[in-house]
Amino acid sequence: MEPNRNTFPQYAQDSNDRHAEQMYHGSTFNQDIVTATPSNYFQENAGPREARLDDDSQFYRNDNQEYSADGDPLPGIEGFQIVGDPRPGSNLTACGFPTNGTTLCNFQWVRCLEDGTRQSIEGATMYDYVVTADDVGTLLAVDCTPMDDNGRQGDLVRKFANDENKISCDPDMQNDIDICISRGRANFDVYVLQGYSPDEWELATLVLRRTGYQINLSQKDEVFIDEKYSPNLEAKIPNGRTTQFVLVSSGGVNLPFNTQGITEPNSEDNDVRLRDLIVLVMRTFQNKALDAKRKGKA
């Protein structure tokens, strides 16, 4: 079912989220509730940062709730949980039971890094989230703030994915990564965007080595880029279920890539998996090269 979409400006994404629109399909729309399944779970998203619940979704009252100044219990969520396999390419869904008149929920998915910092994931403000290579090695969580139709806001509820353990690859993907690293080289067919038109995708080979990477354009049979790894090299993955990523070269050049239609047998799941595999192999080579360089200077 295609949900109705209506503007909800006070929860619109920041304007910076809408760059490269042909690649980053960020949503700034509201979506009506779908009532085909039990209404005590979040069903559809009511905006980029909200999930609207049915009017009859208040099934019980917990006497252990926070109360507002007028004595009424504040909106709340009970049994808050994350459903889904916390592996790259998988979809996670935040759900729970609304209490005390909760009709709206604000969501924000976050990554907790090893240095203790919390990183809000750009555009990840819906109840569902697709795990990507960016989440590997981090603690992934979702924050939920319940609200009611009177604008009252309850306490923030936080839930970690993967039982509060770091996100990791599935065994098959990790094995593929290990093979690429042990060989010291990996070649991946990809599409690279030439120019500014979304129709100018060109088939290329992305060559990842121990010391650097190379991009070879297939039709022109020429080396497009050949550079060593540096701390400035960065791979950016957009939020959502997409086969695209952007490589920011050491010189600051943005290079959009796409793995759609590359895998055999072809499927969206396999194409997304290939995208994450490429990014993880490149980052592993890059980290090893930079570590070796630092140790050489020590």
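In this text, all values refer to a predicted model and were calculated from it rather than measured experimentally.
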Minimal non-hydrogen separation, [X] against [Y], with atom names:
{"X": "Ala161", "Y": "Leu92", "value": "CB-CD1, 4.0 Å"}
{"X": "Gly184", "Y": "Phe285", "value": "C-CZ, 3.6 Å"}
{"X": "Ala204", "Y": "Ile215", "value": "CB-CG2, 4.2 Å"}
{"X": "Trp201", "Y": "Gln244", "value": "CZ2-NE2, 4.2 Å"}
{"X": "Pro146", "Y": "Pro75", "value": "CG-O, 3.6 Å"}
{"X": "Phe160", "Y": "Cys112", "value": "CE2-SG, 3.8 Å"}

Hydrophobic cluster membership, with links at side-chain heavy-atom distances under 4.5 Å among I/L/V/M/F/W/Y: are [X] and [Y] in one?
{"X": "Ile278", "Y": "Phe224", "answer": "yes"}
{"X": "Val131", "Y": "Ile121", "answer": "yes"}
{"X": "Leu217", "Y": "Phe257", "answer": "yes"}
{"X": "Ile181", "Y": "Val279", "answer": "yes"}
{"X": "Phe107", "Y": "Leu139", "answer": "no"}

Using a 4.5 Å cut-off on heavy atoms from C-beta on, say whether the side chain of [Y] contacts that of [X].
{"X": "Leu104", "Y": "Asp148", "result": "no"}
{"X": "Asn91", "Y": "Thr93", "result": "yes"}
{"X": "Val223", "Y": "Gln214", "result": "yes"}
{"X": "Tyr213", "Y": "Ile225", "result": "yes"}
{"X": "Phe188", "Y": "Leu274", "result": "yes"}
{"X": "Ile82", "Y": "Val142", "result": "yes"}
{"X": "Pro88", "Y": "Val136", "result": "yes"}
{"X": "Leu140", "Y": "Tyr129", "result": "yes"}

Nearest 0.5 Å please: distance from the [atom1] atom of [X] over to the [atom2] atom of [Y].
{"X": "Met282", "Y": "Cys180", "atom1": "CE", "atom2": "SG", "result": "12.0 Å"}
{"X": "Ile237", "Y": "Asp134", "atom1": "CD1", "atom2": "CG", "result": "4.0 Å"}
{"X": "Asn106", "Y": "Tyr127", "atom1": "CG", "atom2": "OH", "result": "15.5 Å"}
{"X": "Asn254", "Y": "Ser249", "atom1": "CG", "atom2": "OG", "result": "8.0 Å"}
{"X": "Leu156", "Y": "Ile77", "atom1": "CG", "atom2": "CD1", "result": "11.5 Å"}
{"X": "Cys95", "Y": "Asp128", "atom1": "SG", "atom2": "CG", "result": "11.5 Å"}

Between [X] (side chain) and [Y] (backbone), is there a donor-acceptor pair under 3.5 Å?
{"X": "Asn162", "Y": "Glu164", "answer": "no"}
{"X": "Arg275", "Y": "Thr242", "answer": "yes"}
{"X": "Asn100", "Y": "Pro73", "answer": "no"}
{"X": "Trp109", "Y": "Met126", "answer": "yes"}
{"X": "Asp135", "Y": "Thr132", "answer": "yes"}
{"X": "Thr284", "Y": "Leu280", "answer": "yes"}
{"X": "Asn239", "Y": "Gly123", "answer": "yes"}

- Message: Go through it in stages, so that I can follow the logic: the residues are Asn266 and Thr263, the test is side chain to side chain donor-acceptor pair (under 3.5 Å), and I'd like the CA-CA distance, side-chain angles, deciding distance and then a yes or no.
- Response: CA-CA 5 Å; Asn266 185 246; Thr263 59; 3.2 Å; yes
- Mind checking what makes side-chain contact (heavy atoms from CB on, under 4.5 Å) contact with Ser250, not counting sequence neighbours? Glu227, Ser230, Leu233
- Have Asp170 and Gln174 got a donor and an acceptor in their side chains that come within less than 3.5 Å?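 Asp170 vs Gln174: no donor-acceptor pair found between side chains.
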- Those residues that, when tested against Glu202, pass salt bridge (Lys or Arg N to Asp or Glu O under 4.0 Å) (two or more places apart):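 Scan of Glu202 (salt bridge (Lys or Arg N to Asp or Glu O under 4.0 Å), adjacent residues dropped) gives none.
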- Message: Between Ile177 and Leu277, is the side-chain contact (heavy atoms from CB on, under 4.5 Å) condition met? List the steps.
- Response: CA-CA 7 Å; Ile177 294 172; Leu277 176 64; 3.6 Å; yes
- Item | Step-by-step side-chain contact (heavy atoms from CB on, under 4.5 Å) determination, Met147 to Thr102 | CA-CA 5 Å; Met147 299 178 63; Thr102 297; over 6 Å; no
- Note on the structure: Those residues at least two apart in sequence (or on a different chain) that pass side chain to side chain donor-acceptor pair (under 3.5 Å) with Asn232 are none
- Message: The test is side-chain contact (heavy atoms from CB on, under 4.5 Å); show your working for Lys288 and Leu290 and say whether it passes.
- Response: CA-CA 6 Å; Lys288 287 180 175 294; Leu290 295 179; over 6 Å; no
- Keeping to residues at least two apart or across chains, list the salt bridge (charged side-chain N to carboxylate O under 4.0 Å, His left out) pairs with something in residues 255-273. Asp176-Arg273, Arg241-Glu268, Arg241-Asp269
- Query: Which pairs pass salt bridge (charged side-chain N to carboxylate O under 4.0 Å, His left out) with one or both residues in residues 88-105, sequence neighbours excluded?
  - Reply: none
- Message: For a side-chain contact (heavy atoms from CB on, under 4.5 Å) check, start with the C-alpha distance between Ile262 and Tyr191, then their side-chain angles and the critical distance, and finish with the verdict.
- Response: CA-CA 8 Å; Ile262 292 292; Tyr191 288 104; 3.4 Å; yes
Show me the side-chain donor-acceptor pairs of residues 205-212 shorter than 3.5 Å, one per line, residues at least two apart or across chains.
residue : atom : partner : partner atom : Å
Arg209  : NH2  : Asp226  : OD1          : 3.2
Arg210  : NH2  : Ser182  : O            : 3.3

- Can you spot which of Asn270, Asp276, Asn258 makes a side-chain hydrogen bond (donor to acceptor under 3.5 Å, both in side chains) with Thr243? Asn258
